Number of protein chains: 2
Amino acid sequence: MHKEHPLTKNQQIIFDLIDKSPEPMKAYSILFSVQKKGIKAPLQVYRALDKLVEIGKIHKIESRNAFIACHNSSCQVSKATAFSICEICEKVTEISSTGLSKYLANFKDKDGMKYSKYNLEFFGLCKKCR
Amino acid sequence: MHKEHPLTKNQQIIFDLIDKSPEPMKAYSILFSVQKKGIKAPLQVYRALDKLVEIGKIHKIESRNAFIACHNSSCQVSKATAFSICEICEKVTEISSTGLSKYLANFKDKDGMKYSKYNLEFFGLCKKCR
DNA sequence: TTACATAATGTTATATTATAACAATTCAAA
DNA sequence: TTTGAATTGTTATAATATAACATTATGTAA
Ligand SMILES: [Zn+2]
Ligand SMILES: [Zn+2]
Ligand SMILES: [Zn+2]
Ligand SMILES: [Zn+2]
């Protein structure tokens, strides 16, 4: 087993920013926020984001091209993700439901195909917007 | 009840193209293909795509920024979609499983929130690539 | 029919998201 | 301590998507 790698400088800066954000952050908004810390180019941001996604510290909300920190201790790597998204205020919450994740992890389609990874996005109205 | 609206010219051209394609199509590849038919600008493509998604004739594969025709007679409107995506050859198939759709349509998170819409993308290896 | 509203179209420009290509540096393992 | 992998820095460019505004078609109701 590998020891968990510590984050590099750029990765840490960008993770901290996303982790503190109450809402998903987009790449260029991240870029803008970290320019004072010396990260000047899109690629520096995208490379850090790629790595953070790969190791499961953040997730990408595909329908929004935005990133949020993972607060679900059980997902070490981004292979099983589920989110709820408010269609009014765009609030995003990671869903951690044992039932749901078990159901999806064991789902087989009619060809008997099992999947190694999934991403689920639910849309609706959050408490505040209902 | 409304009669089902016929497609407009641009919508029909673009739907036909996607419908015939064996794989998901990206907006600018659609644009390139329909230029001989007089559709010259990205917006003309995106407007048709938006409408086709809205009425459920096509679906957007969010993780790929690509569009496929719906072949699932039971989904009239894009509110409950599930796909399998091969990570090698990028083959995409729409999953139509009554069990899955029932499970997800009735899923409530721990706040009791019910959702009006979802999109699920499974990743794995297709038959050919296994 | 005529008039009005609505939806669709055409067009130019621009915004947003993401990657290519290559050089330099850091860092850990042999 | 060298060597290979990962990370970083940098410039340029590709790919995806929308803003703004003018025009044309289409449906509906007086
Ligand atoms: Zn997570
Ligand atoms: Zn809300
Ligand atoms: Zn469908
Ligand atoms: Zn395949």
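Just so we're clear, the structure is a prediction, and the values are computed from it rather than from any experiment. Chain naming here is simple, since letters A, B, ... match the order of the sequence lines and numbering starts at 1 in each.
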Would you say N10(B) and K51(B) make side-chain contact, with heavy atoms under 4.5 Å?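 Answer no - side chains too far apart.
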In terms of the nearest nucleotide of DNA chain C, which residue is placed more toward the 5' end: L43(B) or N65(B)?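 The 5'-side residue here is L43(B).
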Using heavy-atom distances to pick each residue's nearest nucleotide on DNA chain C, tell me which of A48(B) and F67(A) is more 5'.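 First, find each residue's nearest nucleotide; the 5'-ward one identifies A48(B).
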Answer with yes or no whether Y28(A) presents, from its side chain, a donor or acceptor under 3.5 Å of a partner atom in the base of dA18(C).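 Yes.
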May I have the distance from [X] (atom [atom1]) to [N] (atom [atom2]), rounded to whole angstrom?
X: I30(B); N: dT16(D); atom1: CD1; atom2: P; result: 11 Å
X: Q44(A); N: dT10(D); atom1: CD; atom2: P; result: 7 Å
X: K37(A); N: dG9(D); atom1: NZ; atom2: C1'; result: 19 Å
X: Q11(A); N: dT26(C); atom1: CD; atom2: P; result: 16 Å
X: R47(B); N: dA25(D); atom1: CZ; atom2: P; result: 15 Å
X: Y46(B); N: dG10(C); atom1: OH; atom2: C1'; result: 17 Å
X: I39(B); N: dT11(C); atom1: CD1; atom2: C1'; result: 14 Å

Quick one: closest heavy-atom pair of H59(A) and F83(A), and the distance?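 Closest pair (atom of H59(A), atom of F83(A), distance): CB-CZ, 3.5 Å.
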What's the closest nucleotide to the T8(A) side chain, out of dT8(D), dA20(D), dA8(C)?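 Nearest listed nucleotide: dT8(D).
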Compare the minimum distances between each of dA8(C), dT17(C), dA17(D) and the side chain of K51(B), then state the nucleotide with the smallest one.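 That would be dA8(C).
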Determine, for K91(A) against E23(A), whether the closest basic-nitrogen to carboxylate-oxygen distance falls under 4.0 angstrom.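 Looking at E23(A) together with K91(A), the answer is no, because their closest N to O distance does not fall below 4.0 Å.
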Are R64(B) and E62(A) close enough for a salt bridge, meaning some N to O gap below 4.0 Å?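 Here R64(B) does not pair with E62(A) in a salt bridge, since their nearest N and O are not under 4.0 Å apart.
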